[in-house]
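All figures in this text were calculated on a predicted structure; none of them were measured in a lab.
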Amino acid sequence: HSPSAAKMRLLMHNLLQCPKTKTYPLRLVATEVETIETEYNGDFVARMLPRIEWPVLRGVCQELELGDLPETAPSAENGDEEVMRRLHTILMDTHIKTGQLISQDGHNVY
């Protein structure tokens, strides 16, 4: 693969909707996943928490066998440090190298 090959962080997946049908979420079928460790940024994770669709993130983590997340999202003010670090790894360090994004109706594949 080339150094410029596109990769998608799981954070981006959580924000995407189908441009044609405007449906959310897109189903992720990952064929190659890579972890690229970055420096932990708890402030960034805390700022992103209100934007994250927690059930969608939990589902993707289960599908990709990244482990279970708590039933409910932590709050930015009193998030458990271990959970916040795990979220950083999931959102920022987990990259989808190859795969497909599929609209809810199954007609649009990206």
Side-chain angles (χ1 to χ4, degrees):
H1 82 44
S2 71
S4 63
K7 297 176 191 170
M8 180 183 69
R9 288 183 166 125
L10 282 186
L11 174 62
M12 180 58 71
H13 170 261
N14 198 266
L15 304 172
L16 292 175
Q17 69 177 4
C18 178
K20 293 180 182 174
T21 63
K22 305 295 184 217
T23 54
Y24 175 86
L26 292 169
R27 186 165 62 93
L28 173 62
V29 178
T31 52
E32 189 175 357
V33 179
E34 177 179 38
T35 301
I36 302 172
E37 193 172 325
T38 60
E39 185 177 338
Y40 174 66
N41 186 339
D43 291 338
F44 178 79
V45 174
R47 285 193 311 271
M48 291 309 298
L49 277 173
R51 298 179 182 168
I52 294 171
E53 291 293 330
W54 195 253
V56 173
L57 182 62
R58 287 186 78 231
V60 168
C61 286
Q62 289 171 349
E63 282 186 36
L64 297 179
E65 298 179 355
L66 298 174
D68 290 328
L69 289 173
E71 288 283 328
T72 57
S75 69
E77 299 80 38
N78 60 9
D80 176 280
E81 180 74 15
E82 183 179 331
V83 173
M84 297 296 275
R85 285 185 175 277
R86 199 155 137 50
L87 275 174
H88 179 270
T89 299
I90 290 167
L91 295 171
M92 300 305 297
D93 297 350
T94 305
H95 297 258
I96 308 306
K97 289 181 70 173
T98 59
Q100 296 179 324
L101 295 168
I102 304 168
S103 64
Q104 288 186 5
D105 63 10
H107 292 112
N108 299 297
V109 178
Y110 306 98

Identify, with sequence neighbours excluded, every residue that meets side chain to side chain donor-acceptor pair (under 3.5 Å) alongside [X].
X: T31; answer: T98
X: S103; answer: D105
X: D80; answer: none
X: R85; answer: E81

Does any pair with a residue in [range] pass ring-ring contact (aromatic ring centres under 6.0 Å, His included), and if so which ones, sequence neighbours excluded?
range: residues 62-93; value: Y40-H88
range: residues 56-76; value: none
range: residues 41-74; value: none
range: residues 89-110; value: none

* Checking side chain to side chain contact (heavy atoms under 4.5 Å, CB included) for the pair V33/K97: CA distance, chi angles, key distance, verdict? -> CA-CA 6 Å; V33 179; K97 289 181 70 173; over 6 Å; no

If you compare all heavy atoms of [X] against all heavy atoms of [Y], which two are closest, and at what distance to 0.1 Å?
X: H13; Y: V56; answer: CE1-CG1, 4.1 Å
X: I36; Y: K7; answer: CD1-NZ, 3.5 Å
X: P74; Y: L49; answer: O-CD1, 3.4 Å

* Worked check of salt bridge (Lys or Arg N to Asp or Glu O under 4.0 Å) between R58 and E71 -> CA-CA 8 Å; R58 287 186 78 231; E71 288 283 328; 3.6 Å; yes

Any side-chain heavy-atom pair of [X] and [Y] under 4.5 Å:
X: V83; Y: P70; value: yes
X: I52; Y: L91; value: yes
X: Q104; Y: R27; value: no

Which pairs would a plain distance check flag for residues 18-25, meaning a side-chain donor or acceptor within less than 3.5 Å of a matching protein atom at least two apart in sequence or in another chain?
| unit_1 | atom_1 | unit_2 | atom_2 | d |
| --- | --- | --- | --- | --- |
| T21 | OG1 | T23 | N | 3.4 |
| T21 | OG1 | T23 | OG1 | 2.7 |
| K22 | NZ | P19 | O | 3.0 |
| Y24 | OH | N14 | O | 2.6 |

* To do: Under the salt bridge (Lys or Arg N to Asp or Glu O under 4.0 Å) rule, collect the residues that match up with E39, sequence neighbours excluded.
  => none

* **Qualifying residues under salt bridge (Lys or Arg N to Asp or Glu O under 4.0 Å), relative to R86, sequence neighbours excluded** => none

Rounded distance (nearest 0.5 Å) linking atom [atom1] of [X] with atom [atom2] of [Y]:
X: L16; Y: M8; atom1: CG; atom2: CE; answer: 6.5 Å
X: M12; Y: L101; atom1: CE; atom2: CG; answer: 11.0 Å
X: T94; Y: L64; atom1: OG1; atom2: CG; answer: 8.0 Å
X: Q100; Y: N108; atom1: CD; atom2: CG; answer: 12.0 Å
X: L11; Y: R51; atom1: CG; atom2: CZ; answer: 9.5 Å
X: L15; Y: L26; atom1: CG; atom2: CG; answer: 11.5 Å

* Could you work out the complete set of other residues in the hydrophobic cluster of V29, with links drawn between I, L, V, M, F, W and Y side chains under 4.5 Å apart? => I102, V109

* **Chi angles and distances behind the side chain to side chain donor-acceptor pair (under 3.5 Å) call for T35, D93** => CA-CA 5 Å; T35 301; D93 297 350; over 6 Å; no

